[in-house]
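First the structure, in the form of structure tokens, and then the observations on it.
Here is how names work: the chains are called A, B, and so on, in the same order as the sequence lines, proteins then strands, and each is numbered from 1.
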Number of protein chains: 2
Amino acid sequence: MPPKQGRATPLDRTAVLAEAVVLADEGGLAAISMRALAARLGVVPMALYKHVADRADLVGGMIDTVVQTYPTPDDDGWQARVRARALAARDAQEQHPWMRAAIDEAERPTLTTLAYMDAVAADFIDDGFSVDLTHYAMHALGHRIWGYSTEAFRSAPAGADDEAAAAMLAAQFPHVASIAMDTAMRNPAGACDERHEFAFGLDLLLDAFARLREAGWVSAVPDASLSRPASPST
Amino acid sequence: MPPKQGRATPLDRTAVLAEAVVLADEGGLAAISMRALAARLGVVPMALYKHVADRADLVGGMIDTVVQTYPTPDDDGWQARVRARALAARDAQEQHPWMRAAIDEAERPTLTTLAYMDAVAADFIDDGFSVDLTHYAMHALGHRIWGYSTEAFRSAPAGADDEAAAAMLAAQFPHVASIAMDTAMRNPAGACDERHEFAFGLDLLLDAFARLREAGWVSAVPDASLSRPASPST
DNA sequence: ACCTGAACACCGTTCAAGT
DNA sequence: ACCTGAACACCGTTCAAGT
């Protein structure tokens, strides 16, 4: 083992962030603590504060580290470009499942994430989309731009482990059960093809954007049917 | 002050969850700790463990408490019903902003959340949608079903506080800046109408689902252009 | 310039004990 | 049946000190 006098090579921000990404890949965002990360780096917890401002800065830097690897598409046309970006981001995110929670935890974009959003906006605008429609399209894309559409729950509920309990749940929630059965029938593995489903929703939105653009869509004042009721009850 | 002998009325699970919802409404999910919640209830932390199994069970119970208030739509037709559900959920969620993080933190659905998803699935299936298309439609709706579409960042980046810094950012990220300017021009308040944008994306998806249904859509094996490249590099 | 040590004010959760 | 007290193994972060 190396002598315990500090470290072989002095730390820098890049090394701290790289090790944090590895640690999160292994144990999720919950495994990221200043103390655990410091231990991995063979350093006392407070040494990290020379390289990151605090935990929020650490997590922001981890996001940046991954977003910087998102490739720039060489496709022509907004649709192919945005599609390639979202799918590439989704693939990168599959290797770093903590990204979803990290982006939710971060409250403000960094310069790196802003640059990424600017690049997505450029794909629309530089291809002739109005700024107005680009704005709305990006809102509609939501987290799909970052590579995922944040499904609410990925696994079965607790207590569906034995067959009897599963049958009771199926009787209680027949529509959900019929979806699960239909999926099992169509796919021998019995599982969703998440990538396919992701692309399905993505393409629906992209096709809709194309139609709106053709029709010269302009954002409108919300109509009355959309307004919140004046009083919550009655 | 009341005498400190336990409490005036004994705790039960409903009272614990109700106080937790109030505490989270005030301080966000970060304010929810067993110790802080116990203090609010005038009780020692460990007393809570008689009513909730652990912190995950507490957060799950909080989600259930809110989801139970989501109204059942009385509209006819799948589109009006799903639309009403998603918008009502969105309004409820505006009062409980911690719901987004809580649902992300929860890994498995509870019976209450399963029942809600079953009701959404029923809106499609009972109106003649195939189970297959219902499945894909619900994936495409993603978190919109829960009342929101999880925007990545809501606020400006750090360091955009003075005018000079803001101008520098605008020059650096011109497409994002043009969206912000366009919005400011169209809306005197300079802010997004989040509810309107939410409905925009929602309606795009709903209209697309209607068209697919009409066309007799059936899920297909992913085509080659969708497959992940065999090797990540080269 | 970079790292350390002690300290402060927090966490969730277990266990054995009280009433 | 419900609540308590002490304890254990953790957190992020500040401050003053070391090399």
- Query: What is the ring orientation for A:Y70 with A:Y116, classed by angle as parallel under 30°, tilted 30 to 60°, or perpendicular over 60°?
  - Reply: perpendicular
Which whole-number value in Å describes the distance from [X] [atom1] to [N] [atom2]?
X: A:D12; N: C:dA1; atom1: CG; atom2: P; result: 16 Å
X: A:L23; N: D:dC11; atom1: CG; atom2: C1'; result: 15 Å
X: A:R13; N: C:dC3; atom1: CZ; atom2: C1'; result: 18 Å

- Bracket notation of DNA chain C in which parentheses pair within the strand, [ ] cross earlier pairs, and | pairs with another strand (Watson-Crick or G-U, under 3.5 Å): ||.|||||...|||||.||
- Query: Can you give one letter per nucleotide of nucleotides 12-19 of chain C, going 5' to 3': B for a protein heavy atom under 4.0 Å from the base, S for sugar-phosphate only, - for none?
  - Reply: BBB-----
- Are A:Y136 and B:H196 an aromatic pair by the rule of ring centers under 6.0 Å? yes
- Would you mind checking if A:E105 and A:R100 are paired as a salt bridge, meaning a charged N to carboxylate O distance below 4.0 Å? no
- Any ion pair linking A:D57 and A:R13 (charged N to carboxylate O, less than 4.0 Å)? yes
- Can you find a pair of side-chain heavy atoms, one from A:M138 and one from A:V120, that are under 4.5 Å apart?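 The answer is yes; the side chains approach within 4.5 Å.
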- Is the shortest heavy-atom distance from the side chain of B:R40 to the side chain of B:V22 under 4.5 Å? yes
- Message: Give me the distance, rounded to whole Å, that separates D:dC2 from C:dA16 when you measure between the C1' atoms they each carry.
- Response: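 Pairwise C1' distance, D:dC2 against C:dA16, rounds to 15 Å.
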- Task: Tell me, with the steps shown, if B:H51 and B:D12 meet side-chain hydrogen bond (donor to acceptor under 3.5 Å, both in side chains).
- Result: CA-CA 6 Å; B:H51 305 104; B:D12 61 5; over 6 Å; no
